[in-house]
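Taking it in order: structure first as structure tokens, then the write-up.
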Amino acid sequence: KLSQLPRKANALYNLKFNEYGQLVKRRGYVKHNSQSLGDYPIIALHRSYRQGAEVRELLAVCNRNLYRINDATGQAELIAQLEADDAVFVDFYNTCYILSGKLYKWNGTDFYTVGVTPPASAPTGSVQSGGNLSTGKYLVAYTFVDKDGYESNPSPQAEFNVTSSGSKITLTIATSSDPKVVKRRIYRSTADGGILYLDTEVDDNTTTSVELTKSDLELAAGQILETNHDLPPDGAKLLARRRSRLYIAKDDALSISSLAEPEYFPLELTFYTTARQRITGLAEHGPAMCILTADTVEQLTGYSEDSFALQSAYAPEGCIAPKSVVVAQGALIYLGVDGIYYFDGEVSRPLNTQLSEYLKANINPSYAHLSAATYFDNKYLLSYPKGESNVPNETVYVDLKLGTTGIYSYAFSCFARLDKGADGLRLFAGDPKRGYIYRLEEATTDDGEQITAYDALEPFDFGVPDAY
């Protein structure tokens, strides 16, 4: 077979095998946005699918700016400025979450930080006549609520002593400076009780005076105050989704959101890597969340607070490039310090020994962390910085169906795979220097430049001295 002829890992240059075993030149790419977003790399690119595939948007990050890119024209619309130089996207039903120093949310119209900071001070007030409170000691606290219904943790509690029946408590509460807060909830205990129940809701962020008049009987039918609406950690680097939860990695800690409430991160749902190493890769793989460090692969199994368990897997090498992590054909594939590895759920192994040797000899280790990968056309594509380059400048591939390898002369800083609804199957990529977005496999040239292709076969050994 043509594919079995003797070749080095980099022998196929801008060539690939098609489904008939024939060598064909790869397709090229074209600019999607004719106007650059600036002389900066596209650091993140994401096709956001919300409410299934009914809502589709192409989102890009360049120079800490988040843009919405028009599908037809490539025109960029500035959404917001982010905090950090990196960004990760995850869709959750009708919201796109963006991690960039802070965790943000975008629903196509509104852009806000995730999490509601609780009131800093306790409510103040006085006991007056004219209500249904009986005698006893009452505890009172309040929360802020955002426009999506997410609630802060409570304020410090205030204590009020009611000495005569038929009283009420007149409270003064603070407003929130957070623009997404639209209401506040007031919680109080029954007389001499310790559990706080919802008493009333203030449907704005301007009113500061509230009266509590309900009897204990009415109050006990209200919802109980929750105290685990903790904020996501600031300064985190990695974000992933597993089932109905979000997972955030910061340094050696993995924070997990509440079930089906992705904006609450209870402190008790924080796990640490076994050797307390910094997390360098994060992805859902099969029944587990895979957590990669520079030296290890670990798996978080379980689906509830009482069943989560962290366990180590056998891995000769961990991950050195967060954007190299891809799940494809049942395997978790990533870039290690000495080549590309795949994890099958139990053991991590080199994906292709020859290609790993080629990478070891050519990758710039100082900037290897900027390598970016995707899965497309049955291939694991990895753009990496070659030689003295400080940005990706070459792409290697492994065909997961045929086992063949090769080199593509293009390279990108990030990828976005379009694969739902009317999108069909397409691939977009970000320029590592110049603020452009490209559509791959849609041209015969690379943005107008001819594509050089060749097959550098090794000599044939026929077993006869000096005869090849």
Side-chain angles (χ1 to χ4, degrees), residues 32-33 37 40-71 76-115 148 232-250 255 257 262-263 265 279-284 289 321-327 370 372-376 412-421 423 426-431 435 437-438:
H32 185 60
N33 56 324
L37 299 181
Y40 304 94
I42 303 293
I43 63 167
L45 197 59
H46 176 64
R47 184 56 157 183
S48 179
Y49 293 105
R50 301 193 295 279
Q51 297 176 343
E54 296 173 21
V55 179
R56 301 185 298 276
E57 287 183 328
L58 185 63
L59 301 175
V61 178
C62 182
N63 192 27
R64 296 193 179 188
N65 291 321
L66 174 65
Y67 297 94
R68 172 164 48 191
I69 310 299
N70 186 279
D71 278 2
E77 173 192 349
L78 179 64
I79 296 173
Q81 187 168 42
L82 306 177
E83 182 176 273
D85 291 327
D86 50 15
V88 186
F89 296 89
V90 166
D91 293 324
F92 195 109
Y93 184 52
N94 61 358
T95 302
C96 179
Y97 291 95
I98 306 109
L99 181 66
S100 179
K102 295 182 180 296
L103 185 60
Y104 303 92
K105 58 181 174 180
W106 165 252
N107 61 10
T109 304
D110 300 316
F111 178 87
Y112 295 113
T113 56
V114 169
D148 294 324
D234 280 349
K237 295 290 186 181
L238 298 174
L239 173 69
R241 175 183 171 180
R242 178 177 175 241
R243 304 297 174 92
S244 296
R245 298 181 192 262
L246 292 183
Y247 292 68
I248 292 180
K250 178 183 179 181
S255 299
S257 76
E263 299 187 20
F265 287 82
I279 298 171
T280 56
L282 192 64
E284 181 179 19
M289 175 61 71
K323 288 192 285 189
S324 73
V325 179
V326 172
V327 176
L370 298 178
T374 190
Y375 174 68
F376 192 79
F412 304 100
S413 54
C414 55
F415 296 92
R417 179 183 164 107
L418 286 63
D419 57 6
K420 292 180 175 62
D423 279 344
R426 304 171 70 191
L427 186 63
F428 283 51
D431 194 297
I437 299 165
Y438 301 102

Does the side chain of Phe428 come within less than 4.5 Å of Ile69's, by heavy atoms?
no
Under 3.5 Å, is there a donor-acceptor pair between the side chain of Asn63 and the main chain of Gly435?
no
Side chains of Met289 and Leu282, heavy atoms from C-beta outward: is any pair under 4.5 Å?
yes
Closest non-hydrogen atom pair between Ala60 and Ile437, with its separation
CB-CD1, 3.8 Å
May I ask you to decide if Arg50's main-chain N or O and Asp91's side chain share a donor-acceptor pair within less than 3.5 Å?
no
Closest non-hydrogen atom pair between Lys237 and Leu99, with its separation:
C-CD2, 3.6 Å
Would you say Ser413's side chain and Ile42's backbone share a donor-acceptor pair under 3.5 angstrom?
yes
Taking every non-hydrogen atom, the tightest pair across Leu82 and Ser100:
CB-OG, 3.5 Å
Is it the case that over 12 heavy atoms from other parts of the model lie below 6.0 angstrom from the OH atom of Tyr40?
no
For Tyr247 and Glu284, indicate whether the former's side chain and the latter's backbone hold a donor-acceptor pair under 3.5 Å.
no
If you look at every heavy atom in His46 and Cys96, which pair is closest and at what distance?
CD2-SG, 3.9 Å
Between His32 (side chain) and Ala429 (backbone), is there a donor-acceptor pair under 3.5 Å?
no
Verdict with supporting geometry, Tyr49 and Asp423, side-chain hydrogen bond (donor to acceptor under 3.5 Å, both in side chains)
CA-CA 10 Å; Tyr49 293 105; Asp423 279 344; 2.6 Å; yes
State, with a plain yes or no, whether a side-chain heavy atom of Asn33 is found less than 4.5 Å away from one of Tyr67.
no
On a heavy-atom basis, the closest approach of Leu238 and Gly281 is CD1-N, 3.5 Å
Pair Asp71 + Arg56, salt bridge at N-O below 4.0 Å:
no
Between the CD atom in Glu77 and the CZ atom in Arg68, the distance rounded to the nearest 0.5 Å is 4.0 Å
Are any of the side-chain heavy atoms of Trp106 and Leu59 separated by less than 4.5 Å?
yes
I need the minimum non-hydrogen distance between Ala44 and Phe89, along with the two atoms involved.
CB-CE1, 3.6 Å
Give a yes or no answer on whether the side chain of Thr280 reaches the backbone of Pro322 with a donor-acceptor pair at less than 3.5 Å.
no
Nearest 0.5 Å, please: how far is SG in Cys414 from CG in Asp431?
9.5 Å
Kindly confirm or rule out a cation-pi arrangement of Arg241 over Phe92, judged by NZ or CZ under 6.0 Å from the six-membered ring centre and within 45° of its axis?
yes
Are any non-hydrogen side-chain atoms of Asn65 and Leu37 less than 4.5 angstrom apart?
no
Is a side-chain N or O of Arg417 found less than 3.5 angstrom from the main chain of Tyr375, in a donor-acceptor match?
yes
side-chain hydrogen bond (donor to acceptor under 3.5 Å, both in side chains) assessment of Tyr97 paired with Glu263
CA-CA 10 Å; Tyr97 291 95; Glu263 299 187 20; 2.8 Å; yes
Asn94 vs Asn107, side chain to side chain contact (heavy atoms under 4.5 Å, CB included): CA-CA, chis, key distance, verdict:
CA-CA 6 Å; Asn94 61 358; Asn107 61 10; 6.0 Å; no
Compare all side-chain heavy atoms of Asp234 with those of Glu83 and state whether any distance is below 4.5 angstrom.
no
Sidechain-backbone polar pair: Lys323 side chain, Ile43 backbone, donor-acceptor under 3.5 Å
yes
Test side chain to side chain contact (heavy atoms under 4.5 Å, CB included) on Phe111 and Leu66; report intermediate values, then the result.
CA-CA 10 Å; Phe111 178 87; Leu66 174 65; 3.7 Å; yes
